[in-house]
Amino acid sequence: MKRSNDYLNDIARNSNVFCELTDKERADLKECLLSIYKDIKFICEKYDLVFMLSGGSALGAVRHKGFIPWDDDIDLMMPRKDYMKFIEYFKKEFGYKYILSAPQKGDVVESLFLKVIKKNTLMKGVKDSPDFVSGVLVDIFPIDRIPNNLFVRKLHSCFLFVLRGICSCVKMYRSKNAYMKNALSLNIRSSIYYNTCKIVGFIFSFLKQSKWYCLFDKCSSLSHGDKFFTIPSGRALYSGETLLSKEFLPVSKGLFEGIEVNLPNDVDAYLTNLYGDYMTIPPVEKRERHFYVEFNLSLIHISEPTRPRL
């Protein structure tokens, strides 16, 4: 099933509706992302929390030893227990510098997973609602235990799939996002997709968007199985992110832009599960892109407090 990102990528390849960042803007963005990563790493090392690169960032570390050339984000993941602790510790030590968007414990609840957003920056994506707390950010996904029993696991997967779909539709209905509406109205299929999502979103809008996010997050974290882990909020959904727990942990080591980073224990199994033949460079038309409508790093204050010492 296509996601909104898939439709946006199709539209971007066949129109000039989106603007690309310049090489200078992209370089500045990557420098800012690495500074956020270093703050996250500091807290994780200080409090002995497990974290590792995920998705395209893990792929970039293995295939390119850094950012994928056409990519401009950093994705991380943490076991649920460490993830919940991280939100508390990071907010306490770096609340002056960042806003945390996360279900249940975030400063705001605008996503299914944790977004560490740097204050005094502006980076608004085409999918963001007008009142979304925007800025340069790093995504952190919780790794959840899931049922050992295959039948129960399938039921859990289906339930969370439906719940995640409701979350997406309610977001699309409530966001009143003119950029998204105009972009997805450019062809018949994406227009049908957009309007169908809006209708479903209207039906389920009896609960606030944040309530749906918190419900999804709570239901994702209920299982206590010990054989399998997954990331229900990940790009490949519950079933596409499921691996044996030993393939996630303990972490292995890699390099990312000259920095030593943590990767899944069996990083080959992890990347093969997500991407198949991950070492082959995809053709231009298959490369996923990010779309921004506002971008400004000049809002950063030079006189920020320095990172606390260990």
Side-chain angles (χ1 to χ4, degrees), residues 3 37 40-41 43-45 47-68 71 73-87 102 112-114 138-161 164 216-217 219-257 259-282 288:
R3 304 171 300 151
Y37 171 80
I40 293 170
K41 181 181 181 182
I43 293 298
C44 290
E45 291 179 346
Y47 292 99
D48 196 25
L49 304 177
V50 177
F51 76 113
M52 63 193 99
L53 297 188
S54 70
S57 297
L59 173 58
V62 171
R63 194 171 67 193
H64 305 277
K65 305 302 179 187
F67 288 101
I68 296 173
D71 199 12
D73 67 355
I74 292 179
D75 296 324
L76 303 173
M77 54 186 172
M78 295 181 182
R80 171 66 69 168
K81 184 178 178 181
D82 298 272
Y83 173 89
M84 300 305 284
K85 289 179 180 178
F86 172 84
I87 294 174
L112 290 174
F113 48 86
L114 173 60
V138 167
D139 291 331
I140 305 180
F141 298 86
I143 304 171
D144 286 312
R145 296 176 180 274
I146 55 176
N148 292 336
N149 181 275
L150 176 60
F151 178 70
V152 178
R153 197 161 63 245
K154 290 289 186 183
L155 287 179
H156 193 218
S157 172
C158 291
F159 174 73
L160 288 179
F161 176 80
R164 178 169 169 164
F216 177 89
D217 191 64
C219 292
S220 297
S221 64
L222 291 178
S223 176
H224 299 287
D226 58 359
K227 292 183 179 179
F228 299 94
F229 287 159
T230 194
I231 304 173
S233 55
R235 70 188 302 277
L237 309 179
Y238 186 111
S239 58
E241 300 272 356
T242 297
L243 288 172
L244 292 169
S245 56
K246 66 182 181 181
E247 292 173 317
F248 276 104
L249 297 172
V251 300
S252 61
K253 297 294 182 180
L255 282 178
F256 189 92
E257 300 297 332
I259 303 170
E260 185 179 70
V261 294
N262 296 333
L263 296 169
N265 181 42
D266 189 341
V267 69
D268 176 67
Y270 173 76
L271 292 175
T272 299
N273 186 56
L274 280 182
Y275 302 108
D277 181 13
Y278 62 87
M279 291 302 289
T280 299
I281 303 292
E288 186 169 343

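Fair warning: this is a prediction, and the values are worked out from it, not measured in the lab. By convention here, the first residue in the shown sequence is residue 1.
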Original post:
Under the ring pair (Phe, Tyr, Trp, His ring centres under 6.0 Å) test, which residues partner Phe141, sequence neighbours left out?
Top reply: Phe113

Original post:
Is any side-chain heavy atom of Arg153 less than 4.5 Å from a side-chain heavy atom of Phe228?
Top reply: yes

Original post:
With no hydrogens and no angle check, is any side-chain donor or acceptor of Glu241 less than 3.5 Å from a backbone partner on Ala236?
Top reply: yes

Subject >> Met78 versus Ile140, closest heavy-atom pair with distance >> reply: CG-CG2, 4.0 Å

**OP:** Looking only at non-hydrogen atoms, find the nearest pair between Pro142 and Asp217 and report the distance.
**Re:** CG-OD1, 4.4 Å

Original post:
Any side-chain donor-acceptor pair under 3.5 Å between Tyr270 and Asn265?
Top reply: no

**OP:** Check whether any side-chain N or O of Arg80 sits under 3.5 Å from a backbone N or O of Arg145 as a donor-acceptor pair, and report yes or no.
**Re:** no

Subject >> Minimum-distance pair of heavy atoms, taken over all atoms of Arg63 and Met279 >> reply: CD-O, 3.7 Å

**OP:** For the pair Asn262 and Lys253, evaluate side chain to side chain contact (heavy atoms under 4.5 Å, CB included) and give the outcome as yes or no after the intermediate values.
**Re:** CA-CA 5 Å; Asn262 296 333; Lys253 297 294 182 180; 2.6 Å; yes

Original post:
Does a sphere of radius 6.0 Å around CG in Asp277 hold more than 12 heavy atoms from other residues, nucleotides or ligands, not counting ones at 6.0 Å or beyond?
Top reply: yes

**OP:** Could you tell me whether a side-chain N or O of Asp71 sits under 3.5 Å from a main-chain N or O of Ser57, the two making a donor and an acceptor?
**Re:** no

Original post:
So Phe67 and Phe256, would you call those rings parallel, tilted or perpendicular, with 30° and 60° as cut-offs?
Top reply: perpendicular

Original post:
After noting the C-alpha distance and the side-chain angles of Phe216 and Ser233, does the key distance pass the side chain to side chain contact (heavy atoms under 4.5 Å, CB included) rule?
Top reply: CA-CA 9 Å; Phe216 177 89; Ser233 55; 4.1 Å; yes

**OP:** Walk me through it: do Tyr47 and Asp82 pass the test side-chain hydrogen bond (donor to acceptor under 3.5 Å, both in side chains)?
**Re:** CA-CA 9 Å; Tyr47 292 99; Asp82 298 272; over 6 Å; no

Subject >> Pro79 side chain near Phe248 side chain, heavy-atom distance below 4.5 Å >> reply: no

**OP:** Find out whether Phe229 and Leu243 are in side-chain contact, i.e. whether some heavy atom of one side chain is under 4.5 Å from a heavy atom of the other.
**Re:** no

Original post:
So which of Asp75, Val251, Leu263 actually passes side chain to side chain contact (heavy atoms under 4.5 Å, CB included) with Leu53?
Top reply: Leu263

Original post:
Any idea which heavy atoms bring Glu260 and Lys41 closest together, and the distance?
Top reply: O-NZ, 3.4 Å

Original post:
How close do Ser223 and Ile146 get, heavy atom to heavy atom, and via which atoms?
Top reply: OG-C, 3.0 Å

Subject >> Any side-chain heavy-atom pair of Phe151 and Lys154 under 4.5 Å >> reply: no

**OP:** For the pair Tyr37 and Phe51, name the ring-plane relationship: parallel under 30°, tilted 30 to 60°, perpendicular over 60°.
**Re:** tilted

Subject >> Contact summary for Gly66 and Glu257, nearest pair of heavy atoms >> reply: CA-OE2, 3.2 Å

Original post:
With side chains defined as the heavy atoms from C-beta onward, is the minimum distance between Met52 and Pro264 less than 4.5 Å?
Top reply: yes

